[in-house]
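Below: the structure, in C-alpha cells.
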Amino acid sequence: QKAKIKLVDCVEYVTKDSIGYEDENCNPRMVKTPWFQEELPFTEAAEIGTNKVIKDHATIGIVITSDGTITDLNRSNYEEVEENIINELKVLNKPFIVVLNTIHPNSNESINLSNKLSKKYEVPVLPISIETMNENDITNLLREAFYEFKVDYIKFNIPDWIGALNNTHPLKMKFISKMKESTTNINKVRDTQNININLEENDEIASSYISYIDADNDEVTITLEAKEGLYEETLKSLIGENINSKGDLIKILTDLGKGK
C-alpha cells in the first residue's frame with residue numbers, strides 16, 4: 001500500500017531558556033512573514049504561522065517535546081509550551097501524537113515519562129531518539145499517528161456473492177448482525193482493531209481488515225473475507241447438489257438452461 005505524506009515543520013512556542021529570538025540588546029528579533037507587510041517579533045510570527053498550519057493545512061499533528069537530554073535545556077523548559085500546544089490541538093479537535101525526543105529511548109526513565117505523559121494527555125507518547133531514528137521508528141510513528149484519525153462513518157465490503165443473497169438468508173443476516181454488533185464505541189481508527197478481532201471470532205469470517213481510510217470525511221472501510229468452503233456450502237444449500245469444482249457448477253447451470 002502507498003500513501004502520500006506532506007510534512008510541515010512548525011516552530012510554535014519558544015521555551016523560556018531558548019536563545020536566538022532576541023538581538024544583542026535583548027530586543028525581540030524581527031522577521032518577515034507571508035501574512036503581514038510589517039515585520040513581527042520572532043516569537044509572535046512563530047505562533048501565528050504554526051496556528052495557521054494547524055487550523056488550515058494539517059490533517060494530523062506530531063508534537064515533538066523532550067525529556068531534557070538532547071540539549072542544555074532541562075525538562076522543565078518544555079513542560080509549559082508542550083501543554084499549550086497540546087491543549088490547542090485538543091480545542092481544534094485535531095488528531096495528534098507526541099514524540100518524546102531523548103537520547104535514551106529504551107531507558108526506564110524515558111519509558112516511565114512517556115507513560116506518564118500519555119496518561120496526562122490521553123494520546124500515544126513515543127520515546128524516540130530523533131537523531132538516530134531508523135526506518136522502523138518512522139514506520140511505528142506513522143502507524144501510531146494513523147491510528148489517531150477520527151472515525152465517524154464505517155463502511156463494510158463483504159463478498160459480492162453474500163451481498164447477492166436474499167436479505168432473509170441466514171448467512172447474510174449473520175454477517176449484518178455481526179457488523180452491527182462490532183461497531184459500538186468506535187471513535188478512532190485505533191478502535192477499529194477491536195472490530196477486526198470481534199469479527200474474526202465468527203465462524204463464517206476468515207479475515208477482517210481496514211482497506212481504505214478517507215481522512216477528509218472521517219470514514220473507514222473494512223473488508224470482510226468469508227471462510228474457505230463457505231461459498232460451496234451456500235451453493236449446495238441453494239441448489240441442492242454438491243459442487244466440488246467449477247465444472248460441476250457449469251454442468252448444473254447448463255442443465256438449468258436446458259430446462260428453460
Side-chain angles (χ1 to χ4, degrees), residues 1-5 58-62 89-90 92-97 118-119 121-126 139-246 248-250 252-253 256:
Q1 296 184 353
K2 295 182 180 180
K4 290 183 179 180
I5 299 173
T59 304
I60 192 166
I62 299 176
L89 286 164
K90 287 191 172 186
L92 293 172
N93 202 26
K94 292 280 185 178
F96 69 96
I97 62 169
S118 181
K119 185 176 181 180
Y121 297 126
E122 299 179 320
V123 295
V125 178
L126 309 181
T139 299
N140 186 47
L141 189 156
L142 293 176
R143 182 188 298 111
E144 289 296 324
F146 160 82
Y147 282 149
E148 288 301 299
F149 276 115
K150 189 173 124 183
V151 174
D152 284 336
Y153 308 98
I154 299 174
K155 284 184 177 180
F156 284 97
N157 281 336
I158 63 175
D160 55 359
W161 61 269
I162 293 178
L165 293 172
N166 189 292
N167 287 338
T168 59
H169 191 281
L171 179 60
K172 188 171 184 178
M173 291 177 67
K174 201 166 189 178
F175 263 71
I176 292 173
S177 175
K178 287 296 180 182
M179 288 186 286
K180 287 181 178 179
E181 289 175 11
S182 66
T183 53
T184 57
N185 300 319
I186 304 299
N187 301 303
K188 299 179 180 180
V189 171
R190 184 182 307 279
D191 301 328
T192 63
Q193 298 305 304
N194 293 328
I195 296 179
N196 295 333
I197 292 171
N198 290 335
L199 288 172
E200 288 179 358
E201 290 176 350
N202 188 283
D203 291 338
E204 286 79 17
I205 298 173
S207 65
S208 169
Y209 58 90
I210 297 171
S211 52
Y212 184 73
I213 291 181
D214 183 349
D216 290 336
N217 297 304
D218 302 326
E219 183 176 282
V220 169
T221 300
I222 295 177
T223 295
L224 307 182
E225 294 181 351
K227 286 281 178 70
E228 186 177 353
L230 192 59
Y231 175 71
E232 289 78 9
E233 289 177 19
T234 305
L235 273 180
K236 179 183 176 181
S237 68
L238 292 172
I239 298 173
E241 294 186 35
N242 285 324
I243 298 176
N244 299 315
S245 67
K246 292 178 181 179
D248 290 341
L249 179 59
I250 292 295
I252 290 172
L253 292 176
L256 287 173

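Scored by the side chain to side chain contact (heavy atoms under 4.5 Å, CB included) test, T223 finds N157, Y209, S211 as partners (sequence neighbours excluded). Judged as a side chain to side chain contact (heavy atoms under 4.5 Å, CB included), and not counting sequence neighbours, the contacts of I154 are V151, F156, T183, I186, I195, I222. Every residue two or more places apart in sequence or in another chain was checked for a salt bridge (charged side-chain N to carboxylate O under 4.0 Å, His left out) with D203, and none qualifies. With sequence neighbours excluded, no residue forms a side-chain hydrogen bond (donor to acceptor under 3.5 Å, both in side chains) with D152. Take D218 and apply the side-chain hydrogen bond (donor to acceptor under 3.5 Å, both in side chains) test, not counting sequence neighbours, and it matches no residue. A search for salt bridge (charged side-chain N to carboxylate O under 4.0 Å, His left out) contacts involving E219 returns K155, not counting sequence neighbours. Applying the side-chain hydrogen bond (donor to acceptor under 3.5 Å, both in side chains) rule to S207 yields the partners E225; only residues at least two apart in sequence or on another chain are considered. In terms of the side-chain hydrogen bond (donor to acceptor under 3.5 Å, both in side chains) criterion, T221 has no residue partners (sequence neighbours excluded).
One finds the OG1 atom of T192 at 11.5 Å from the CG atom of N198 (value rounded to the nearest 0.5 Å). Atom CD in E232 sits 8.5 Å away from atom CG in L230 (nearest 0.5 Å). In this structure, F96 CZ and I60 CD1 are separated by 9.5 Å, a value rounded to the nearest 0.5 Å. One finds the OG atom of S118 at 10.5 Å from the CD1 atom of I97 (value rounded to the nearest 0.5 Å). Between the OH atom in Y121 and the CG atom in L89 there is a gap of 11.5 Å [rounded to 0.5 Å]. Atom-to-atom distance recorded for E233:CD and L235:CG is 10.5 Å, nearest 0.5 angstrom.
A ring-ring contact (aromatic ring centres under 6.0 Å, His included) check over residues 210-246, counting only residues at least two apart or in different chains, returns the pairs W161-Y231. For residues 171-182, every residue pair satisfying the side chain to side chain donor-acceptor pair (under 3.5 Å) rule, not counting sequence neighbours, is listed here: N167-K172, K174-E204, S177-E181. Within the structure, no pair that satisfies the ring-ring contact (aromatic ring centres under 6.0 Å, His included) test touches residues 180-206, not counting sequence neighbours.
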Side chain to side chain contact (heavy atoms under 4.5 Å, CB included) between I205 and F175, intermediate numbers included = CA-CA 8 Å; I205 298 173; F175 263 71; 3.8 Å; yes

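Using a 4.5 Å cut-off on side-chain heavy atoms (C-beta onward), Q193 and I210 make contact. Between T234 and I162, the closest side-chain pair of non-hydrogen atoms is not below 4.5 Å. Within the 4.5 Å cutoff, side-chain heavy atoms of I176 are placed close to those of M179. For the pair K150 and P95, the minimum side-chain heavy-atom distance is 4.5 Å or more.
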Donor-acceptor list for residues 141-149 side chains, cut-off 3.5 Å, not counting sequence neighbours:
residue	atom	partner	partner atom	Å
R143	NH1	N140	OD1	3.3
E144	OE1	R190	NH1	3.2
E144	OE1	R190	NH2	2.9
E148	OE1	K188	NZ	2.7
E148	OE2	R190	NE	3.2
E148	OE2	R190	NH2	3.0

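In this structure, D191 and N187 approach most closely via the heavy-atom pair OD2-N, 2.9 Å. Taking every heavy atom of both residues into account, A206 and A226 meet most closely at CB-O, 3.5 Å.
Within a 6.0 Å sphere centred on NZ of K90, heavy atoms belonging to other residues, nucleotides or ligands number more than 12.
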